[in-house]
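Below is one structure, written out as structure tokens, with a few remarks after it.
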Amino acid sequence: MMLFNEADTNKEPSYLELLNPAQRTAVETTEGPVLIIAGAGSGKTRVLAYRVAHLIYQGVPPRSILALTFTNKAATEMKERISAIVGDDKSSMVWAGTFHSIFARLLRQVASSLGYTSSFSIYDTEDSTSLLRKILVDFQIDPKTSSPKSFLHGISKAKNELKSWQDFADDTSPQMKVFVSVYKEYEQRLRAYNAMDFDDILINMIRFLQLSPQTLEFMQQRFQYILIDEYQDTNRSQYISTKLMAEAHKNICVVGDDAQSIYAWRGADIRNILEFQKDYPDALAVRLEQNYRSTKTILNAANAVIAHNTHQLKKELFTENPEGPAITLMETQVDRVEAERICQRILIDTSTRGDLQLKDIAILYRTNAQSQIIEDTLRKNNLKYTIIGGMSFYKRKEIKDILAYLKLLINPSDQESLSRVCDLTTGIGKTSLMKVEVYAKMNRIDLIEAFSQVHEIDGITKKAADAMMQLATLVEDNKFRLDHEPHADVAISYIEQSNYLKLYSNTDDEDMQDRLRNIETFVENLRIYLENEENINQEDATKPTIQEYLHQMALISDIDTLDLNADRISVMTLHSAKGLEFDTVFLAGLEDGLFPLTRETSTKKDKEEERRLFYVGITRAKKKLYISYAKQRMRYGYSTFSAPSPFLAEIPEELFEQRHSLTNSRTVNSQVKKPTTMTSTSYFQNEMPEENYSQLEEHSMYTVGMMVRHRSFGEGKIIRISGGGESAQVEVTFRSVGQKKLMLKFAKLEII
DNA sequence: ACAACCGACTTTTTT
DNA sequence: AGTCGGTTGT
């Protein structure tokens, strides 16, 4: 299976033949700094993987290669590709992963030098917010004037700029004083709890590198070759940390596309990529401009759109792919109909194009809020889909609760998790908890330890004391079991003993039963993970333990779990779609204000980022692009009216499907056709007036067994009618082409 | 300590 | 609109 044989070094490795000249240069220039400007669909992932494979081919030890990606999914994909060339045993030793997951793993090995233990917790946004809320309460800061979230935002921004609270200490404005005190307290508590937030993982890596010349040299030696994907989306601490690591050998290869920079809002600094050649004057710059993904039509649209940005590196993607079908623009009155129309098109396309499967289709939108209505409509039409983002499985309350219980077992200092568990435990209230907290602080012990000594503390009700004692015992006993029993057994019985499940059982509340099922799914996944021997095989991966599981869990994102092989429509935000590609893409909600999303503070720069996001969306499509918008949309619970997105006018008109090509597309309901109000622009797809929709319920003129004639398929017999209303479908066996599934509403069936 | 009610906030995007 | 956290009354 391997594409090269080590012994046979005279011959050029065959995988190089699969590359174009630019790609090949990018792969073969293994020494020194390399900047790869890779346009959308230019084979970037392939180049990265081949480059790593080539390094290994040339004898570089896999474990000294560090490949940093944006998502875990991208890392897994890269590993798979590398593995296909050099084999699994070698590829699994490459350090490939996200900044956060790789750094966290490294930090666990050196945690003690930074004042943590190796089992430190990682706090997500919710954990951090909840911690800040408690701090605000303690500091008696009115949460109305400044919310925990706004503090977290400020702190995260400061951390991204590598500024500690001390850096603001000189600022004496009252507002800043408050900020500094909260920032300081937040940092101290994280430390006391043996916990890091997302930003800390990056910052602590820098701190470690700068701890001493020895630690820096150690890391530089460890990673001789560094590759960074999506470099346009790296932030300051990611930039600094990798720059430090590469300082000695300068074997740093970054790949990115300034036109796809869409994360400035969370601190990504586009200068990192724009000024790479300033940092490394002898860097080789390679441009990958041939697109292998999309049709000419789609690429032309993308190029035209991005040309409206002033602050963009000049780049013109080209493709040798065919022209492809025109872009379809769909205008509807309201959002629900927009969703309905998308579903109809999917039903039509999948039935008329034999090669098109649901997994080839994506519906993309700007905000997660838009997903609800799309989801509803897909479900109504019996279309299978996978949704990414929104409320991800692991962010659900019941799952986070279970995770908090488990974290307690691993990190006894994790007071945030403990406090979450206390909220769930009947008997433990605010008053008694406060008293024990004081006691723990005075005696310098962990809160959970104080629980086991609760009888020594004055003024605690018996009920509270019992509950605390019980919790302390539960955690203590199971912690002990971790060293002696299979973790799967411990996890399951621990969760059972916790009584947490009681909250959800004995009720016919549907929501509660749902949550219980989620927990069951979660526990089952956990069990499978813990019992899976395969996880042990990887060189540097440890045994599958509860620790390991929690550590991985903290940094997993929704997109990582997306299974593109399942035959389902992918539904997600444009941000989540970065790096993915689909045959057919629907871009929904192209309305002014929604996309580009604008708020009072929006600047020209923001609009350019929105435009890049649009560019990303367009270039996800391989063959067919649909763009839609609704004039009227529910937002915040009430109806808002919007004009079409100004972005639409940036796509050359001739790339859109012309109206006349569709005017004749319906015959079944032609008798109900009324004059429609069309927009002045000529390229909108002809739309059915919405007041006619109800009349579509009437499809009873067709029955099973009836002979019909189709304009292109000829004569056939109806063998099935399914669905109702909008989405009624017929299955017809045609003499010429055999069985076809058709949308009744659009199929031109003549009864014979 | 807990249940029931109330009001604020969400909806930009996420490691 | 729906969720979540906080408040109030028992």
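In the text below, chain A, chain B and the rest are named by the order of the sequence lines, each starting its count at 1.
Taking every side-chain heavy atom of A:A464 into account, B:dA1 is the closest of B:dT12, B:dA1, B:dT11. Ranking B:dT15, C:dG6, B:dT12 by closeness to the A:R133 side chain, first place goes to C:dG6. You'll find that the side chain of A:R266 is closest to B:dT15, out of B:dT12, B:dA1, B:dT15. Of the candidates B:dT15, B:dT13, B:dT14, the closest approach to any side-chain atom of A:T125 belongs to B:dT15. Nearest nucleotide to the A:K463 side chain, out of B:dA1, B:dT13, B:dT15: B:dA1.
In this structure, A:N368 does not reach the B:dT12 phosphate: none of its side-chain N or O atoms is under 4.0 Å from OP1 or OP2. Between A:T98 and B:dT14, a side-chain N or O to OP1/OP2 separation shorter than 4.0 Å is absent. Dashed line: the shortest gap from a side-chain N or O of A:S101 to OP1 or OP2 of B:dT15 is not under 4.0 Å. When the side-chain nitrogen and oxygen atoms of A:S576 are compared with OP1 and OP2 of B:dT14, one or more of them lie within a distance under 4.0 Å.
Ring geometry for A:H575 versus A:W265: interplanar angle over 60°, hence perpendicular rather than tilted (30 to 60°).
A:D376 has its CG atom 14 Å from the P atom of C:dA1, to the nearest Å. What separates CD1 of A:I374 from P of B:dT11 is a distance of 17 Å, to the nearest Å. Taking atom CH2 of residue A:W265 and atom P of nucleotide B:dT14, one finds them 6 Å apart after rounding to whole Å. A:K159 has its NZ atom 18 Å from the P atom of B:dT15, to the nearest Å. Note: CG (A:L597) to P (B:dT12) measures 6 Å, nearest angstrom. Remark: C1' of B:dT12 and CG of A:D592 are 16 Å apart, rounded to the nearest angstrom. In this structure, NZ of A:K149 is placed 14 Å from P of B:dT14, rounded to the nearest angstrom. For the pair A:F595 CZ and B:dT11 C1', the interatomic distance rounds to 15 Å; values are reported in whole Å.
A cation-pi contact, defined as under 6.0 Å to the ring centre and within 45° of the axis, links A:K578 to A:F70. Judged by the 6.0 Å and 45° rule, A:R108 forms a cation-pi pair with A:F120.
Nearer to the 5' terminus of DNA chain B, by closest-nucleotide assignment, is the contact made by A:T425 (compared with the other of A:D199 and A:T425). Comparing A:G427 and A:I262 along DNA chain B, the residue whose closest nucleotide (by nearest heavy atom) sits nearer the 5' end is A:G427.
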Side-chain donor-acceptor distances from residues 254-264 of chain A under 3.5 Å, at least two apart:
from, atom 1, to, atom 2, distance (Å)
A:D257, OD1, A:A259, N, 3.0
A:D257, OD1, A:K315, NZ, 2.8
A:D257, OD2, A:Q260, NE2, 2.8
A:D258, OD2, A:Q312, NE2, 3.0
A:D258, OD2, A:L313, N, 2.8
A:Q260, OE1, A:R620, NH2, 3.3

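Atom P of B:dT13 sits at a distance of 16 Å from the matching atom of C:dC4, rounded to the whole Å.
Ring-base stacking between A:Y263 and B:dT13 is not satisfied when judged by a centre separation under 5.5 Å and a plane angle under 30°.
Here A:K462 pairs with A:D466 under the salt bridge (Lys or Arg N to Asp or Glu O under 4.0 Å) rule; sequence neighbours left out.
Across all strands, A:T461 comes closer than 4.0 Å to no nucleic acid atom at all (heavy-atom distances). In this structure, A:T598 reaches neither bases nor backbone, as no heavy-atom distance under 4.0 Å exists between it and the strands shown. At the heavy-atom level, A:T431 lies under 4.0 Å from the strands shown only through sugar-phosphate atoms.
When each of A:D200, A:N194, A:D199 is checked for a side-chain contact (heavy atoms from CB on, under 4.5 Å) with A:M196, only A:D200 meets the rule.
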